[in-house]
Amino acid sequence: MLETINLSKSFKGKKVVQDLNLYLADGESVGLLGPNGAGKSTTISMISTLIKPTSGRITMNGVNAIAKPGEIRSVSGVVPQELALYQELSAYENLKFFGSIYKLRGKELEKAIQQALEFVGLDDRKKDLVKTYSGGMKRRLNIAAALLHRPKILILDEPTVGIDPQSRNHILEAVRALNQTDGTTILYTSHYMEEVEQLCDRLYIMDHGKVIAAGTKDELLSILSTENKIKVELNKLDEAFVEQVKTIEGVHKTEVTELQLKIIAAKGSNLISKLVHLTEQHQIQLLHFQTETPSLEDVFLHLTGRTLRD
Amino acid sequence: MRSFIKKDLLIFLRDWKELLTVLLLPIILVIVLNFAFAGLFDSGDEVSMDLQLAVVNQDNETEAMEQLKERLVRDAAFEEQEANAILEAAGEIQPVQLLSDYLESDDVKEWVTVHHLEEKAAAEKVKEGELDGMLVIPQGYTADSLYASFAGEPPTTSLIYKIEEETTDSSALQQFIQGFIEQLNYQFAMQEITSGTEIEADLPEGGMEDIGAAHDFTMTQYFTIALGGLFALFVVATVAMKTGVEIRDQVFNRILLANSHPMRFLIGKMASTICLVVLQIIFVLLVSHFLMAVFPDRSIAFWGGVFVMIVLLALVLSGLAAIYTALLLRMNSVDAANGIFMFFTLLFGTLGGGFVPIYMLPEWLQQIGEWTPNGLFLSILTEWVQFEKLSSIFQPSMFMIGYFLLFTFIGLALFPKRGRAQ
Ligand SMILES: Nc1ncnc2c1ncn2[C@@H]1O[C@H](COP(=O)(O)OP(=O)(O)O)[C@@H](O)[C@H]1O
Ligand SMILES: [Mg+2]
């Protein structure tokens, strides 16, 4: 099991990660969700032993991994956020080099390369130089390079940023397969809530260098169990009306998009009848309305007052 | 280790623009420069120079012997008898005569016309541009230079050479006169003078040759070697830049994460630098040779020596690559690091005679230039081409090995222990 205890990192006095406590049990799939600049990559760099924390501890099966980075390095594969590939080499040559630095040789190396290539669906393009690849293909190769030595823990830092939906699905399916058939432990960071929701058993939500919530998806959603989310569509919308909605008892938040109004309010606040009443007063027609179950996105909104993609 | 070298070589060889630059550009430059300079130095009849030189002799050679005897007895405390013996020997030297013989010799006569004039008349004509320059033999010159050579002291009077305007012609003239003066002093200094020994001063031959050279050292050879060395510096800078890309693209992090010792990365860089530099210089030398017969009729032993020198230069440059790699891992900005590497490339290139022929630089710069890796390489090969004597290149070769060890040591010392400073 991998664990961090009060892990912190400052760059030139600026705190980027603060008192992070996180654990990864064997075979788990854990997500690290947060907007850009939350400190996810910095956390990943510390866990993968590339940079030293300013304070705090990292242990691997109880062994201090800061003093002995080999403990983590030997069992983990890291897929960095930025592509870490030789653009001037082919996919095959890249994998051959990265495999050889893991001390794979001869037939064993060839087999590992072949499996990795097939796994990410690049077998037919393996002879082409990486610089001729599409963004999605490069991302897939970036993952393949971390799999050659069959790591027990796979750490992925935003592996799907800026790629086509097809490659994205391929990657998500591949990661899921690694976790469920091979039992690989996964640490997956993203700012896409859907990905983490799909893939992960458990997740940490990070913002401004701190974990602001952690748990299984249901546990996190239960944060919002006392709230309702209502979406209404109207034939017209004016300021005065929205202001009045905000004053209704139990309303926490409103969000306006064109003729749509989203309202988050405490459960049992008798919102709907009050809303209908208000529309009549303002001579607004209520075209459609719907109550929604809250998503992780809403949890984040609730906790930070911002959306993930701000 | 093999995989490290292999990937570096592959990456370098895939960059065809860079490859053309370091392989073909030096050869093209050698060809171009060869043509440009051929007219100036090799074939006198194409570009004929006719320099007009005034010689003003203010010295009186008959008085000179008296003056010499007086000074020998008075200042150097020679016995009367010894002094007479020396005078007899000295009577045969006559520096002024040597000078006019030199100016009248067939080689020099071709492009210098001598006018014997009084100082005032000469000065006027030089000023009017009728003459290119004047050479004044000051009073007491004979006595003084002879005295200096016998007493083993530096002479106090010297030939005065004046030109009105610096032109190609007049500065060429100056170079030859200067050459003569140095040659004469050199001859005097070299010969141990004992009474009864025949004293003879060799006259220098015109042209670019050194005395006693077994082979000429031609312009084409100079350019081939100097440009080969210069572009080897570019190879190292390119290896360093590609290393910068590896670090920026974080592939270096993968190497760290694989728990592969970062020192393998450094040593891989050194080894691939050696391979690339050796291949590049051999290519430039051989292709230039086959195109222009740069080193005609040389023995296998000669080529063997050249190869050893190339390997030595490659070793030194691999040490430089080690320093560059260590710096890249230490510095935050890859661009700033690249700027530093370019600066050193240009600095070494200039000082080492890669951009401007080294003898056109001032004396003190030439001396510094010989301390750059490529300048040292050039000077060793200059010796080797002319004399092909192991003894004359042994010491500078040791300097090369010294450089290799020093650079490698600095590279290792600068190399961050964890692979990367954070
Ligand atoms: N090497 C560094 N030096 C200074 N600041 C850094 C460095 N790396 C990251 N940061 C800062 O730390 C914060 C978190 O960055 P990062 O961990 O990359 O976030 P995320 O991966 O969640 O987008 C950002 O504000 C970023 O500017
Ligand atoms: Mg990031």
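Every value quoted in this text rests on a predicted model; they were computed, and no experiment measured them.
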(Q) Testing the basics here: between A:Val78 and B:Arg254, what is the closest heavy-atom pair and its distance to 0.1 Å? (A) O-NH1, 3.4 Å
Q: Locate the shortest heavy-atom distance separating A:Thr49 from B:Leu257; write the atom from each residue and the value.
A: OG1-CD2, 4.1 Å
Rounded distance [0.5 Å steps], [atom1] in [X] versus [atom2] in [Y]:
X: B:Leu10; Y: A:Tyr86; atom1: CG; atom2: OH; value: 11.0 Å
X: B:Gln250; Y: A:Leu83; atom1: CD; atom2: CG; value: 9.5 Å
X: B:Leu256; Y: A:Ser48; atom1: CG; atom2: OG; value: 10.0 Å
X: A:Gln87; Y: B:Ile11; atom1: CD; atom2: CD1; value: 10.5 Å
X: B:Leu13; Y: A:Glu88; atom1: CG; atom2: CD; value: 11.0 Å
X: B:Ser260; Y: A:Phe98; atom1: OG; atom2: CZ; value: 11.5 Å

Q | Evaluation steps, salt bridge (charged side-chain N to carboxylate O under 4.0 Å, His left out), between A:Glu93 and B:Arg14 | A | CA-CA 13 Å; A:Glu93 286 161 347; B:Arg14 292 264 161 84; 2.9 Å; yes
Q | Toward chain B, the part of A:Leu129 with a non-hydrogen atom under 4.5 Å | A | side chain
Q. Between A:Ile101 and B:Phe4, is a side-chain contact (heavy atoms from CB on, under 4.5 Å) present by the stated rule, with each step listed?
A. CA-CA 9 Å; A:Ile101 59 176; B:Phe4 280 83; 3.7 Å; yes
[X] [atom1]: over 12 foreign heavy atoms closer than 6.0 Å:
X: B:Trp371; atom1: CH2; answer: no
X: A:Arg150; atom1: CZ; answer: no
X: A:Phe119; atom1: CZ; answer: yes
X: A:Lys103; atom1: NZ; answer: yes
X: A:Arg57; atom1: CZ; answer: no

